[in-house]
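The following block contains the structure, expressed as structure tokens.
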2 protein chains.
Amino acid sequence: MSEGIKFRILQKAIELFNERGFESVSMRDIAEELNISPGNLTYHFRKKTDILNGIISLLMEEHNKMNYKPEITLTEFDSILVQVEEHQKRYSFYYKNIIELKNKYPEIAQLQKDYKLEFIAIITKTFCYLEQNGWVKPEKRERLYEDLSVAILAIAAFGNQIDLNRDMREVIWSMIYPVLTEEGIKEYQTLIRRLDTSD
Amino acid sequence: MSEGIKFRILQKAIELFNERGFESVSMRDIAEELNISPGNLTYHFRKKTDILNGIISLLMEEHNKMNYKPEITLTEFDSILVQVEEHQKRYSFYYKNIIELKNKYPEIAQLQKDYKLEFIAIITKTFCYLEQNGWVKPEKRERLYEDLSVAILAIAAFGNQIDLNRDMREVIWSMIYPVLTEEGIKEYQTLIRRLDTSD
């Protein structure tokens, strides 16, 4: 039962943070929206920071569930991008405040740092794998694929700050498209056609 | 004389903001470092926000001096990247707090928005020009060059947030390299050799 109410508190907090911004939502607001007393709320989460930590745990759990491996096809890579986009929508307050949260909470700074290194490493490995399979051209400039991975991270993490008017996924495909081989372009076009018909 | 002291105040403020962060520096700190009275400081700039506005004006002035035109060679494009990097070092506090400042000051949000649209438009035009001159391949995917321009903006504006361990300029060249024609690669290599020998 206690787990149920904790989960409900976290879900409501995510909803309110996304709607009104992390800073503008008070513990009282969360209690009110849940129709519980402030005392009941602080029994489960002493401070707003504790709620934040709970949300970060959920967020990381969902991240891990994506179960990203470097040995993937272009289609699988695209489905990862879709999952990342959905994840960003679900935790939009976190991505909107990604820098403030980093500056304010050392644990979040550490998580972001670990995640950044892991992200760049795994995308770089994906490029190697795609190259070995003939979907992506051999690297002709030193560290090209590592740099592209950094650029993909920048768009994935900060694209919403730029307020793109353009799908993050489309921008990332535009970065990858020029390094695709003819074989890779063929797989990419099959993928795109499937997306068009499923819309 | 009044212009001289105003300029000195702004320069000292930039130095302190870069060193200690915008939020941590008080009007009193700035006066102390300049060996002037707080009253003298507030005579020239009533509030820290007025100093910030003065700095933003300098920053924009320097930006405009770069005099960026879309009709440029790859070498000229590279020298723009060098200028952007130097600019970011000179105003590092601004780029470190680019999102906080946006959220706090509506005028800065507006400036950033205008700048973003202008940046994407001009880089997209540069790609068109480079394509017309045979340095860059014809666009094979719709909006490819516009998307690359967005990705370049993301790296230029947020690269320091990611804490790259890698030159912004190198990452941007890795994004452009795959769309260069043989002719373009030749010009790029001449450029790189010149950089190597000048180091």
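So you know, we letter chains A, B, ... as the sequences are listed, proteins then strands, and number each from 1.
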Given that the side chain runs from C-beta out, which part of B:Lys137 has a heavy atom under 4.5 Å from chain A: side chain, backbone, both or neither? side chain

When you check the side-chain N and O atoms of A:His63 and A:Tyr68, is any donor under 3.5 Å from an acceptor?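 Not at all, the side chains of A:His63 and A:Tyr68 share no donor-acceptor pair under 3.5 Å.
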
Answer yes or no on whether B:Lys140 is positioned over the face of A:Tyr177, meaning its NZ or CZ is under 6.0 Å from the six-membered ring centre and within 45° of the axis.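 Pair B:Lys140/A:Tyr177 does not count as cation-pi.
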
Using heavy-atom distances under 4.5 Å, tell me whether B:Tyr188 contacts chain A through its side chain, its backbone, both, or neither.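 Contact with chain A involves the side chain of B:Tyr188 alone.
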
When A:Glu170, A:Arg143, A:Met175 are compared by non-hydrogen pairs under 4.5 Å with chain B, the top option: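 Heavy-atom pair counts peak at A:Arg143.
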
One pair to check against salt bridge (charged side-chain N to carboxylate O under 4.0 Å, His left out): B:Arg90 and B:Glu62. What are the steps and the verdict? CA-CA 11 Å; B:Arg90 212 152 41 242; B:Glu62 281 188 36; 2.4 Å; yes

Quick one: do A:Glu23 and A:Lys104 satisfy salt bridge (charged side-chain N to carboxylate O under 4.0 Å, His left out)? Show the steps, please. CA-CA 12 Å; A:Glu23 292 301 342; A:Lys104 213 163 157 186; 2.9 Å; yes

Looking only at B:Leu148, B:Val179, B:Asn97, most heavy-atom pairs under 4.5 Å shared with chain A are made by B:Leu148

